[in-house]
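Order of appearance sets the numbers: ligands from 1, and atoms from 1 within every ligand.
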Amino acid sequence: MIIFMCGIIGFTGNKPVKNILINGLEQLEYRGYDSAGIAVLDENGINIRKRTGKVAQLREAAMDLNEEAYCGIGHTRWATHGGVTNVNAHPHKSGRVVLIHNGIIENYRELITEYGLKNKLVSETDTEVVAALLDTLYSGDPIKTIRKAVDLISGSFALCIMFEDHPGIIYAVRNVSPMVAASFDGSSIIASDITAIIPYTKRYFVVPEYHILTIDKGSIKCEDLNGNTVEPEILEVNWDISSAQKGGYPYFMLKEIYEQPDALDRTVRPRVENGLPYLEEDGISDSLFKGIKNITVIACGTAMHAGMVGKYVFENKLRIPVNVEIASEFRYKDPIIDKDTLTIVLSQSGETIDTLEALRLAKRKGSPVLSIVNVKGSTIARESDYVLYTHAGPEIAVASTKAYTVQIAAMYLIACRFGLVKGIMSEEEAREFISKLENVRTLIEETLKSANTIKMVANRIMISPDVFYIGRGIDYTLSLEASLKLKEISYIHSEAYAAGELKHGTIALISENVPVIAIATEKNVYSKVISNVKEVKSRGAYVVLVSHDDKIDDTSICDMQIRLPEADSTFSVFATAVVLQLIAYYTSDAKGLDVDKPRNLAKSVTVE
Ligand code: AGP
């Protein structure tokens, strides 16, 4: 199933809306899409322009639109229900109602039957069914109509709605799918994420689920389904618009790889006091750790791989059992966790539905939930008992890089504090640990100097149908992340393997020139990994060795070498991560692919 994540923007105020909407959709392009559209509403009614293809084509199609309209909605669509066609693109209009939607309406077929909507429909989308339902229910009171419709709809939705006889006003309501809103200088704006808002204001609020917004020029009313007015918490963006622009880099991904030293500094340094980890300011008191006997880590994709790295520190240094769970698996289990289990949830976006539902299950089991999230005020952050925000700044590229390394750093901070509180780590050991963590920026900066060597690796593997990553211990978890990075942006099939496991079958796939990227930073298993490397080398593999070694001339070991600055393997993960991110980046770029927006993928997966 295609993973989707649409972009939403709505604006009403004292400025012509057309270009505000289209510029906003351009800010949201990174989310991935296949069509785009806008609807503007003025005294003459509703005008819609929508096209498959890029926002640039929409801009052209909207050239004739009335410049004097001051209220409208815009949408970038990544198809789920119905193909990529102009008719299926949003906005969808039915009678007096026009709307845009991000999410999946699970009972749209039942609604068609129950309300006889079939003859009102021209597209194949679930979204148009909601427009038809609203128009069928509409009796002149938008709030009353939306309340009724929300009661009938099941599924995830972020809806922006306009009624033809209410010019200048946008209504909005959400369940699960994210939306943020703001009012400023006599205007109001709503969007699927803050990158579309930040050119206008840094103060915004997260739209509460199942609350209806009435968005007017410069004012937004928020009310619950019983009509009670609610004042949502106003949040402040802690980064500026340049963070959400490429700043001279060819792709966001490369920029975000190079931003890692600063992202790590912003995440770690505010949590260090007198050389020791300090989490009180984040609302994470030592009492949280006191009764904890084991830890469950829950996440998806790269976030899960970061959790796997954190596991090594908790287990190896603190002897605390850690269970890393794939969120989409965990949420359908009857997990063996309770109040003595600390659940750590990792999510860059804070909106991943599998991770969110897994979090909810952990809470139902009585486990305290501490989440590590990069987006302030996101759903996962708001539903957690405790939150340790990472300060990586907006991560625009679909392939997660800086979010991964700051998540590892956050896990390390928590582990170190946990060890101190439990008396497992002495102050002296904690100081040494934190000092090394504060020093990882130099490891990364040193590693970035190998970019040209890494580019050579990419040029070599870009033609290969299969690439293998192998490692042991913490390096095996890095292999998993490396393989995902390569697959998701270069479309080359790749597998990560525990080096010692290869000989139990998969080595049958190793033949002449098959690239094997071996990671060997853990000293206690280094010789074993080198033996495994020699096994694949002797079968014709093209071996790239990523290690601390000085120059290796022995061609029975490797064909290429990427040398990491000397460091304890617990901390060299940050340098290794950069190498593996760059291998994927340069391979994708060499293949002429869209590195930031790979096919089939979206930045935040809010569907199951
Ligand atoms: C990573 O490169 C991918 N984009 C993907 O695996 C991502 O890490 C995963 O979807 C989890 O997203 P989250 O961190 O926003 O929850």
Sub-4.0 Å atoms of ligand 1 with respect to non-hydrogen atoms of A399: 2 (O)
Nitrogen or oxygen of L346 less than 3.5 angstrom from that of ligand 1: no
N459 side chain to A590 backbone, donor-acceptor under 3.5 Å: no
Per-atom contacts, ligand 1 versus T302 - under 4.0 Å to a heavy atom: 1 (C), 2 (O), 6 (O), 8 (O)
Which of the ligand 1 atoms, numbered from 1, are nearer than 4.0 Å to a heavy atom of V398: 2 (O), 3 (C), 4 (N)
Location of contacts on E351 toward ligand 1, heavy atoms closer than 4.0 Å: neither
For atom 10 (O) of ligand 1, closest protein heavy-atom neighbour: V605 CG2, 4.2 Å
Numbered atoms of ligand 1 (with element) below 4.0 Å of A303, judged on heavy atoms: 8 (O), 14 (O)
Residue list, side chain to side chain contact (heavy atoms under 4.5 Å, CB included) with Y200, at least two apart or on another chain: I20, F184, I189
Part of T352 with heavy atoms under 4.0 Å of ligand 1, whether side chain, backbone, both or neither: side chain
Aromatic ring pairing H101/H90, orientation class (parallel under 30°, perpendicular over 60°, tilted between): parallel
Whether F157 and Y210 hold their rings parallel, tilted or perpendicular, with breakpoints at 30° and 60°: perpendicular
Criterion salt bridge (charged side-chain N to carboxylate O under 4.0 Å, His left out) against E383, the qualifying member of K363, R364, R360: R360
Residue K485 vicinity, atoms of ligand 1 by number, heavy atom under 4.0 Å: 1 (C), 2 (O)
Where ligand 1 meets S400 - atom numbers and elements under 4.0 angstrom, heavy-atom basis: 1 (C), 2 (O)
Polar contact flag, side-chain donor to acceptor under 3.5 angstrom, N323-E325: yes
Heavy atom of the protein closest to atom 9 (C) of ligand 1 (residue, atom name, distance): C300 O, 3.8 Å
S371 side chain to S384 side chain, donor-acceptor N/O pair below 3.5 angstrom: yes
Check: Q407 N/O within less than 3.5 Å of ligand 1 N/O: no
Name of the residue among Q407, E259, Q348 meeting side chain to side chain donor-acceptor pair (under 3.5 Å) with K402: E259
Between Q581 and E256: side-chain donor-acceptor atoms closer than 3.5 Å: no
Ligand-residue contact atoms, ligand 1 with G301, heavy atoms, under 4.0 Å: 6 (O)
Residue, atom name and distance, where the atom is the protein heavy atom closest to atom 3 (C) of ligand 1: E488 OE1, 3.5 Å
Where ligand 1 meets Q348 - atom numbers and elements under 4.0 angstrom, heavy-atom basis: 13 (P), 14 (O), 15 (O), 16 (O)
Donor-acceptor side-chain pairing of T521 and S569 below 3.5 angstrom: no
